[in-house]
> 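There's a structure below that I have some questions on.
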2 protein chains.
Amino acid sequence: MTPDVPPPAARLDDETDARIVRAVSLNPRGTLAELSAAVGLSVSAVQARLRKLEARGVIAGYRAVVDPEAVGKPLAAFIEITPLDPAQPDTAPELLVHLDEIEACHSIAGAASYMLFVRVATPRHLEMLVRDIRLAASVSTRTTVVLQTFYEGRPLLPGGG
Amino acid sequence: MTPDVPPPAARLDDETDARIVRAVSLNPRGTLAELSAAVGLSVSAVQARLRKLEARGVIAGYRAVVDPEAVGKPLAAFIEITPLDPAQPDTAPELLVHLDEIEACHSIAGAASYMLFVRVATPRHLEMLVRDIRLAASVSTRTTVVLQTFYEGRPLLPGGG
DNA sequence: GTTGAAACCGTACGGGC
DNA sequence: GCCCGTACGGTTTCAAC
């Protein structure tokens, strides 16, 4: 089964929307009054536009950034996975979605089929997770341990390059 | 230059904090009243605890999730980078931080030194970005294009595995 | 898009355990 | 030290224009 197909082509309508997206990206907890000042519209107008941007999925949601160490998962890794039998239907993402150590799952070009990003407590837990992944999805894996994260999840600004 | 050293060892104090972190992760825009209901404490108590969690860096911040296509960057890729001269001081993360197409930068174990995750508008832009990276940091690169993203940035729940 | 009024929320402060 | 209740100012929301 394939994953949900994204909506046709949600794009920004005008420069005002772009400014709102920029401002919200840089300050997701800002008030409508701050947004209003940043884009030069009334509070109500900004609110209406923001609701439309959220409804269209341009702003897909909001997230709290939690320190991985604080929640007991200091060890991160990339795991490339390759189906053992290329003839079989490939449903790896669905087969793995229940493993909540997996933070991201992309299909990729190249030798491997998917790239996962995972977080676990210890090398021992990483070993167990890799085993679970191999068994659950009938895949081989190639794991690359993260030694240090310099930055991640930097805001995605419209127009900004 | 090395990146900022993370604070000693920010950890959760008790089960109530864990519940707050869980609730905030699942609903970052929720009100204190909702949090209060979720964890069974008064609004004031929840607010005090939340502020401490934020001050300690357990909750490092909040982010808006923006649709990459909507802001004109539908193409994502992983870029592994390796210094051309291992004898030189290695400051790649700092040399690259100004490139805002780079969403994440990790140092990794294995043949390469760093793993980047980037988003660009077109293959042409990816080519230019790779060139910029090679020139700015004196590195060789290995790029893996993302074909499809099934999920990413899933909430990091305390205790949950 | 704008204005304006009412409901709601975040915050600070006082008191009790 | 941690928690609860209350009161005030700012914010969100919605209707009318």
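Small disclaimer: the values here were computed from a predicted structure and weren't measured. Letters go in sequence order (proteins before strands), and every chain restarts at 1.
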> Go through the structure and list residues passing side chain to side chain contact (heavy atoms under 4.5 Å, CB included) with A:A48, not counting sequence neighbours.
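For A:A48, no residue satisfies side chain to side chain contact (heavy atoms under 4.5 Å, CB included) once neighbours in sequence are set aside.
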
> Measuring from atom CD1 of B:I81 to atom OG1 of B:T141, what distance do you get when rounded to the nearest 0.5 angstrom?
8.5 Å

> Reading DNA chain C 5' to 3', which nucleotide is the first, and which the last, to come under 4.0 Å of any heavy atom in chain A?
C:dG1 to C:dG4

> According to ring-ring contact (aromatic ring centres under 6.0 Å, His included), does anything in residues 80-109 of chain B pair up with another residue at least two apart or in another chain? List the pairs.
A:F78-B:H106, A:F117-B:H106

> Not counting sequence neighbours, list each pair that qualifies as a salt bridge (Lys or Arg N to Asp or Glu O under 4.0 Å) and has a residue in residues 23-37 of chain B.
none

> List for me each residue that meets side chain to side chain donor-acceptor pair (under 3.5 Å) alongside B:D85, sequence neighbours excluded, and say none if there are none.
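Residues passing side chain to side chain donor-acceptor pair (under 3.5 Å) with B:D85: none at all.
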
> If I take atom CG in residue A:L32 and atom P in nucleotide D:dC14, what distance separates them, rounded to the nearest angstrom?
12 Å

> Report the hydrophobic cluster partners of B:V43, with the cluster defined as I, L, V, M, F, W, Y residues connected by side-chain heavy atoms closer than 4.5 angstrom, directly or transitively.
A:V66, A:V71, B:L12, B:I20, B:V21, B:V24, B:L32, B:L35, B:V39, B:L41, B:V46, B:L50, B:L53, B:V58, B:I59, B:Y62, B:L156

> Given the rule that I, L, V, M, F, W and Y join up when any side-chain heavy atoms are under 4.5 Å apart, are A:I108 and A:V139 in one cluster?
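The answer is no; the residues belong to distinct hydrophobic clusters.
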
> Enumerate the residue pairs fulfilling salt bridge (Lys or Arg N to Asp or Glu O under 4.0 Å) with a member in residues 125-134 of chain A, sequence neighbours excluded, ordered by first and then second residue.
A:R124-A:E127

> Can you pull out the residues from residues 33-40 of chain B that lie within a 4.0 Å heavy-atom distance of DNA chain D?
none

> Is any side-chain N of the basic residue among B:R119 and B:E103 closer than 4.0 Å to the acidic one's carboxylate O?
yes

> B:R51 has an atom CZ; how far is it from atom C1' of D:dC3, in whole Å?
16 Å

> Can you pull out every ring-ring contact (aromatic ring centres under 6.0 Å, His included) where at least one residue sits in residues 35-57 of chain A? Sequence neighbours excluded, please.
none

> State which residues pass side chain to side chain contact (heavy atoms under 4.5 Å, CB included) with B:A60; sequence neighbours excluded, sorted by chain then number.
A:V65

> Do NZ/NE/NH1/NH2 and the carboxylate oxygens of A:D67 and A:K73 come within less than 4.0 Å?
no

> Please list, by residue number, the residues of residues 41-50 of chain A whose heavy atoms come closer than 4.0 Å to an atom of DNA chain C; answer none if no residue qualifies.
A:L41, A:S42, A:S44, A:A45, A:R49

> Considering only NZ, NE, NH1 and NH2 on the basic side and carboxylate oxygens on the acidic side, decide whether A:R22 and A:D17 come within less than 4.0 Å.
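A salt bridge is absent here (no side-chain N lies under 4.0 Å from a carboxylate O).
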
> Considering the terminal five base pairs at each end of the helix from C:dG1-D:dC17 to C:dC17-D:dG1, what angle separates the two local helix axes, rounded to 10°?
30°

